Amino acid sequence: MFQQKTASAIIVGIFLISFAAAPAHALTIARDGSATAVIVTHPDAPEPVQHAADELATFLNQITAATFKRAKTASDSTANLLVGPQAAKFADPTFSTEDLGSDGIVIKTIDNNLILAGGHPRGTLYAVYTFLEDHLGCHWWTSTESTIPKTTTINIETIDTRYVPPLEYREPFWYDAFDGDWAVRNKSNGSSERLDVKRGGKHSYQGFVHTFYSLIPPAKYFKDHPEWFSQIEGQRKHEHTQLCLTNDAMRNELIKNLKANLRKNPTATIASVSQNDWHGNCQCEKCAAIDAEEGSPAGSLLRFVNAVAAEIEPEFPNVAISTLAYQYTRKPPKITKPRSNVIVRLCSIECSFSHPLTHPRNQKFRDDIVGWSKICNRLYIWDYTTNFRHFLLPHPNLRVLAPNIKFFTENGARGIFEQGAYTTNGAEMAELRAWVLAKLLWNPNLDGQTLIDQFLDGYYSPPAAKHIRAYINLIHDEVEKTDDRLGCFAGIAASKVNVGWQGNASKFINFKTLNKSLAYLKDAQREVAQDPDLTFRVQCATLPVQYAFMMCWNSMRQKAAESNSDWPMPDSIDTAY
């Protein structure tokens, strides 16, 4: 999308980088363009630690223009950047990664040493990137755009950080976020990111979701075993239905097939055994009796999944079985609890995203997450952060991203999948959403508005950012004013639309709001007119408003005439493309 470009720091003095003489207690790692520290890794350091050291050397060079040498042991005559748990022991023989898990980090100064280490396999990588970001001001906005500050001298004050992220699984499911370098630098570890061994790997699924029919294909089994599929109104059916979850023979065949799949996929850490993406759950006497007893169809599902997980565990002790709490299974069961090796992914697809999930409008979902949190040791969330019907349309949900993620973690979530526009780079504010979500998934206590402002200034430049911020505030104020539901399948306007659509009308898409929005965005373009790269970024941010005009061309022209307003778009829709 862009050529690789590294921007200089935007605001001088906000980072812990000293341009003057170092105070006595500071650790100097570069002075006047020369390295005063070496990067130390243990000779037996694993590949992710070696890559973390390579990344540290690369970005320190970009910051200072100095070349940082590598060493296999610490030195008494220079500062040491100790990368990895084994190297950390040169400064602290008692150093331990206990309780850090796979992703926890330690950043600590000891005398003339800086420890950058963490749990295996990703913790040390995350420690290095956290140091570069929080203490030196590096930011990786997209897979191609970053901010790397420039200075010839780096002095580090005392640091003593030990942090374990509350979420074991973190996936902003946006197209650009799949890039492996972006993902590891922004500490995402979900299944879709292109993360190899040196980048710390990831949580890997065997079958991602909606796997009933991939494990028991109707084309193969229905003719001879119709009893393995849902009974609906007295008949066994397979079109847009599910499996009969009380059929032992079907369960045994599914387990056999799942084991065969797992043997072919030794990297899998999670295996999906989950309902198809529609309703049609089995209504046979046995299934219906369980669901009545449990107070939810999640009862028969969870009993089935628990039985599969018990059979899988002896051969695959490190693989969890993942299922869904989705649509008809969203309500938790009264009796059955998930086994320790079962992950339940609770889905928020029916929710309104114009308000946080704590809003009364989302009361039913609130009740469900509270219920699941009481019985589930590994509760994951499948959340929705885009408009699937119109990826390009303005979707003012930015204000709820931070409170929703905090709400999930406060109710026991251990993994979050934030589904976005995963098929295209061109979705509305895609770069902003992916970056902000990654930061919040790593630390749900961060302030969402601060992150948004940080991205806007860093990615668009402060002169343009003030106008883009005004547009964002306007469109969010309008959705709150109109009280639109803002679901993840939102429509556009109620009448006189040029192209076909289905869904509820979005009242915040109106001429007055779009006209003012476009004015703000044109102001942003004028601020960066001399910079082709920044101009292109702002033009991309403008496309959603132009798209909304074009999708509602006739009604918008009528409203412009009725309000005696100038028409902000070209005279013909044919020339607006």
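Not measured: the values here are computed from a predicted model. In this chain, numbering begins with 1 at the start of the sequence shown.
Sorted by first then second residue, the salt bridge (Lys or Arg N to Asp or Glu O under 4.0 Å) pairs that include residues 458-473, not counting sequence neighbours, are Asp453-Arg469, Asp457-Arg469, Lys466-Glu527.
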Could you list the donor-acceptor pairs under 3.5 angstrom formed by side chains in residues 316-326, with sequence neighbours left out?
unit_1, atom_1, unit_2, atom_2, d
Thr323, OG1, Val273, O, 2.9
Tyr326, OH, Asp277, OD1, 2.5

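The only option from Thr28, Leu27, Asn112, Thr64 that meets the side chain to side chain contact (heavy atoms under 4.5 Å, CB included) definition with Thr36 turns out to be Thr28.
The minimum heavy-atom distance linking Ala177 with Pro172 is given by the pair CB-O, 3.3 Å.
In this structure, Phe417 has its ring center closer than 6.0 angstrom to the ring center of Phe208. Separation of the Tyr460 and Trp141 ring centroids does not fall under the 6.0 Å cut-off.
By the 6.0 Å and 45° rule, Arg122 does not stack over the aromatic ring of Tyr129.
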Candidate pair Arg339 and Glu313, rule salt bridge (Lys or Arg N to Asp or Glu O under 4.0 Å), full reasoning: CA-CA 11 Å; Arg339 294 184 91 250; Glu313 188 173 31; 3.2 Å; yes
Tyr163 and Trp442: CA distance, side-chain angles, deciding distance, ring-ring contact (aromatic ring centres under 6.0 Å, His included) verdict: CA-CA 10 Å; Tyr163 178 75; Trp442 175 252; 5.3 Å; yes
Verdict with supporting geometry, Lys202 and Glu171, salt bridge (Lys or Arg N to Asp or Glu O under 4.0 Å): CA-CA 10 Å; Lys202 60 185 178 180; Glu171 183 160 11; over 6 Å; no
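Put simply, the side chain of Ser143 does not reach to within 4.5 Å of the side chain of Asp181, judged on heavy atoms.
Electrostatic pairing of Arg378 and Glu168 counts as a salt bridge here, judged by a charged N lying under 4.0 Å from a carboxylate O.
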